[in-house]
Amino acid sequence: MKFLLAILLLISSFNLPAASDRISIVGSTTVLPIMAQAAKRYRHLHPDIILTVSGGGSGVGVASIRQGTAQIGMVSRELTEQEKNSFNNSVETIPIARDVVAIAVSKTVYLSGIKQLSIEQIADIYRGKRRNWKSVGGADTPILVIDKEASRGTRHVFAKVVLGHAQARARGASIITGSNNEEQAAIARSDQAIGMLSTAWLNDQVRALAIIGANHEPGSLTHITDSHYPIQRTLDILLPKNASDKTRKFIDFLLSPEGQKIVQNVGYLPIH
Amino acid sequence: MLKLYCTLSAALATATIFLVIGFLVQASWPLVQSQGFTFLFETEWYPYEALYGMLPAVIGTLWSVSLALLIAVPLGFSAALFSAELLSEPARQFVRFGMELLAGIPSVVYGLIGLWVLLPIIEVQFDLLSGRSLLAAGLLLALMILPTIMLLSEDAIYSVSKAQKEAATNLGLDWSERLLRIMIPESWPYVRTATLLAMGRAMGETIAVMLVVGSIDRIPEPWYNLLEPAQTLTSRLGREMAEAGVDSIHWSALMACGLLLALFAMAVAVISLRPTTPTEALKKP
């Protein structure tokens, strides 16, 4: 019995000091690259602080803050009224970067001539009214419409602009993916796919479409600054008002010139 | 003292199952209160509009598990017969070792293999928009439960007593007769248990299925079209569990999905409890 007690004490003595210095960051996979880089740098500067960063989506970020399982939540969309009410002013939202949600297609689709679409055309595709690339000027192949989990920030922002409201359904969707990584892989692997992606995930295999009416090539950061790309957003963090000083210091770091430099390096636009 | 300890342990172990079921029932009760039991037969799942139809996921679960069993049971059983009956002892140990390794691979690894190897093959073979389908889920699950079925069946076949084997040979039965009349009937109850265990694993498997099934709430059209993306109960739990606020109806609906899974697993267990008479075949004149 004494032996058991001794072990218990030993375990708790390991855990207690660590717990106070542990900052757990959870939520949007769009914000994740910023946090991962920032945490890496911050650990280097302050080896005594343990930062853990994990994804899950904006919805998970909000839920983790509400349940108190994380110290910082990452969200890539505005909070809903319901969410704001549930926090009852006990949580602040701090913007740390800006981004656009690009309409992304597979390389093959892009090269077949689909370089721009109007909001209506994209909406039709997601509502299931257009099912073939031919109907919007492409090759005669069916469209693989990739939707995202309903709780994802990217989807909220996309659905609000394209489908009319943040939680609109997309009946034309063929498959559902979760994180940006999963969506990117699914688009890249198909020759017929369309999806929604944060700019930081665009590459040679996954190309962004221009949106007709904006008269701009999207994806390039300059068009986010002058507000021409229609599907924009700020990337935020949620911070409970009773957050510890150590947590706040990390936020200060994110908003400092060095932190904002990281934001730029991973492919987003600084907030200031 | 020891007796008391054993009694307590037994009570605790037995209580766990009731606690789990009790918890699930209690947690899913708000859903039943607000919507009755209609969610079991409805086809639309969209928590943001308070739609919690579970039929597509139930069908998806049953389809993927049945497909996996349909593929893995004959394959695993034949492999077990081969290993137990035809291989030399060192070779047999080697094969078993391989199977044990296969059984120990974490499921997310299978998921990634499915994603990068299986999906492209299915896409090309069946000329599909996306390889994410019930077929992909079924094949992947089959691969995952194969070691369970093979190892347990192999044990059973191998341990059919030497005396019986020798008696059969002495009676002049050839290899195939011995197999059909003795080895298979003798080991059958164990194979059945292995199948049911494997079924449990297939039903509860989450991450690998989630990556390849498509996660869309749709009943295949027509219903037997395994090439369509679909949803399973576990894939939904994996995707939505973390975001649902505790105590919301959404949470409650997910708990109901968990309860359904638990009930399926219990049904399987009850079936496997049916008394078995392994020597029945031998008693026949």
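All values below were derived from every heavy atom in this structure, side-chain atoms included, with hydrogens, water molecules and symmetry-related copies excluded. Chain letters run A, B, ... following the sequence lines, proteins first, then strands; residues in each count from 1. Everything quoted here is computed from the prediction, not taken from an experiment.
The candidate from A/G61, A/A150, A/G56, A/G178 with the greatest count of non-hydrogen atom pairs under 4.5 Å with chain B is A/A150. The greatest number of non-hydrogen atom pairs below 4.5 Å with chain A, out of B/G131, B/P47, B/S215, is found for B/S215. Chosen from A/A193, A/A185, A/P142, the residue pairing most often with chain B at heavy-atom distances under 4.5 Å is A/P142. Most heavy-atom pairs under 4.5 Å with chain A: of the set B/E240, B/Q231, B/R218, B/E44, this distinction falls to B/E44. Between chain B and the residues A/A63, A/A173, A/G57, the most heavy-atom pairs under 4.5 angstrom are made by A/A173.
With rounding to the nearest 0.5 Å, the separation of CD in A/Q82 from OG in B/S248 is 8.5 Å. Note: A/S174 OG to B/R132 CZ = 11.0 Å, rounded to the nearest 0.5 Å. With rounding to the nearest 0.5 angstrom, the OG1 atom of A/T177 is 10.5 Å from the CE atom of B/M210. For the atom pair CD1 of A/I175 and OG of B/S130, the computed distance is 4.0 Å after rounding to the nearest 0.5 Å. Rounding to the nearest 0.5 angstrom, the gap separating the OH atom in B/Y46 from the CZ atom in A/R171 is 10.0 Å.
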Determine, stepwise, if the pair B/L51 / A/R169 fulfils side-chain contact (heavy atoms from CB on, under 4.5 Å).
CA-CA 12 Å; B/L51 295 170; A/R169 307 172 76 183; 3.6 Å; yes
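Summarising the geometry of B/L119 relative to A/R189, their closest heavy-atom pair is CB-NH2, 3.6 Å, with the distance given to 0.1 Å. The two residues B/A242 and A/V60 make their nearest non-hydrogen contact at CB-CG2, 3.6 Å. Between A/I143 and B/L129 the shortest heavy-atom distance is O-CD1, 3.5 Å.
Within a 6.0 Å radius of CD in B/Q33, more than 12 heavy atoms belonging to other residues, nucleotides or ligands are found. The environment of A/N89 atom CG is sparse: at most 12 non-hydrogen atoms of other residues, nucleotides or ligands sit within 6.0 angstrom. Around NZ of A/K134, the count of heavy atoms belonging to other residues, nucleotides or ligands within 6.0 Å does not exceed 12. Within 6.0 Å of NZ in A/K241 there are more than 12 heavy atoms belonging to other residues, nucleotides or ligands.
A salt bridge does not link B/E243 to A/R155: none of the charged side-chain nitrogens sits closer than 4.0 Å to a carboxylate oxygen.
In this structure, chain B has heavy atoms under 4.5 Å from both the backbone and the side chain of A/Q167. Using a 4.5 Å cut-off between heavy atoms, A/I146 makes no contact with chain B at all. Heavy atoms closer than 4.5 Å to chain A are found nowhere in B/E228, neither backbone nor side chain. Using a 4.5 Å cut-off between heavy atoms, A/A168 contacts chain B through its backbone alone, with no side-chain atom that close.
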